[in-house]
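Presented below is the structure to which this report refers.
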Amino acid sequence: MTTAHSKVVVFAMATALALVFHVGLEGVDVNVEHDKTFDFKPVRTWAWNPETPGDVRMARTSTDDPDAMKSKAEPWILDAVAIEMKRRGLQLATSQPDLTLRYFLLLTTNMSTQTVGQFLPSTTAWGIPPFAPATQSMKVMNQGSLVLDLSAKGVIVWRGVAQAKVAFEADDKKREALLREGVRDLLERYPPRQ
């Protein structure tokens, strides 16, 4: 084995180990935005949107059934939100809430690949790499986003988006845990600092 070839092998192995370590650490990514002109201090009550608490949208396969996924995931989301809103000091209102909440669960499939040599620097002589480019890793994952919208008088004043990758073989307990983690991480950022 040549020195250049052994360096490529060592680099590829180190990259693969780093990728495995990184994938093991992946959790829920959270992004929150709010209306900076809205005063959250007097807010004391909340309620679900009277039309529907939320909606599930799926774009994975032609056999996806959003209604079946909604019947499974909605109880988890409703329970997790109720728990976290109570922790935030907000009471569930039966009429005239300060904020109305609606969720959206978006499910898609994500794929990423890496090829041998893709991270090597370019050469000044426009040289050809000493190996044929070939796919060395491919990762296909379910990707989900949970969106929570808080509205006041029909206008969204706070929106949080939690995103996570979910392995195809994940069971319902893992999916429920990810949803609950997403709700908790989102609502930890409520009320926003003003």
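- Interatomic distance, M58 CE to M69 CE, rounded to the nearest 0.5 Å: 4.5 Å.
- Taking all atoms of both residues into account, the shortest heavy-atom contact from A152 to D98 is CB-O, 3.9 Å.
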Legend entry - Step-by-step side-chain contact (heavy atoms from CB on, under 4.5 Å) determination, D172 to K72: CA-CA 9 Å; D172 283 348; K72 185 183 289 191; 3.5 Å; yes

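- Screening R180, K173, K174 for a side-chain hydrogen bond (donor to acceptor under 3.5 Å, both in side chains) with E176, the sole residue that qualifies is R180.
- Put simply, the side chain of R88 gets close to the backbone of Y190: a donor and an acceptor are under 3.5 Å apart.
- Under the 4.5 Å side-chain criterion, counting only non-hydrogen atoms from C-beta, V157 is not in contact with H34.
- Remark: R184 CZ is packed, more than 12 non-hydrogen atoms of other residues, nucleotides or ligands lying under 6.0 Å away.
- For the atom pair R159 CZ and I156 CD1, the distance stands at 4.0 Å (nearest 0.5 Å).
- Looking at every heavy atom in both residues, L78 comes nearest to P53 through CD2-CB, 3.8 Å.
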Inset, instruction - Using the side-chain contact (heavy atoms from CB on, under 4.5 Å) rule, take I77 and L146 through it: C-alpha gap first, then chi angles, then the decisive distance, then the call. - result: CA-CA 9 Å; I77 296 169; L146 175 65; 4.0 Å; yes

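- Side-chain atoms of Y103 and E74 include a donor-acceptor pair closer than 3.5 Å.
- Salt-bridge formation is detected for the pair R87/E84: a Lys NZ or Arg NE/NH1/NH2 atom is positioned less than 4.0 Å from an Asp or Glu carboxylate oxygen.
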Inset, instruction - Determine, stepwise, if the pair K165 / V28 fulfils side-chain contact (heavy atoms from CB on, under 4.5 Å). - result: CA-CA 8 Å; K165 293 179 182 172; V28 178; over 6 Å; no

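- Considering CG of L186 and CG of L148, their distance stands at 5.0 Å, rounded to 0.5 Å.
- Taking CG from L105 and CG from L179, the interatomic distance works out to 6.0 Å, rounded to the nearest 0.5 Å.
- Across all non-hydrogen atoms, the minimal contact from L178 to A164 is CD2-CB, 4.0 Å.
- Counting only heavy atoms from C-beta outward, the side chains of F38 and L99 approach each other to under 4.5 Å.
- Closest non-hydrogen pair, W46 versus P97, comes out as C-CB, 3.7 Å.
- Within the model, atoms CH2 of W76 and CZ of R175 stand 8.0 Å from one another, a figure rounded to the nearest 0.5 Å.
- Using a 4.5 Å heavy-atom threshold, the side chains of D55 and R102 count as touching.
- Nearest heavy atoms, G154 versus S151: C-CB, 4.4 Å.
- In this structure, N49 contributes its side chain and L101 its backbone to no donor-acceptor pair below 3.5 Å.
- In this structure, the side chain of K70 engages the main chain of G54 through a donor-acceptor pair within 3.5 Å.
- Under the 4.5 Å side-chain criterion, counting only non-hydrogen atoms from C-beta, W158 is not in contact with E33.
- Annotation for V161: hydrophobic cluster partners, listed by chain and number, are F104, L106, V147 (ILVMFWY side-chain heavy atoms under 4.5 Å, direct or chained).
- For the atom pair CD1 (I83) and CG (L187), the distance works out to 11.5 Å, reported to the nearest 0.5 Å.
- Inter-residue side-chain proximity for L92 and T45 is flagged as unmet; no heavy-atom pair is nearer than 4.5 Å.
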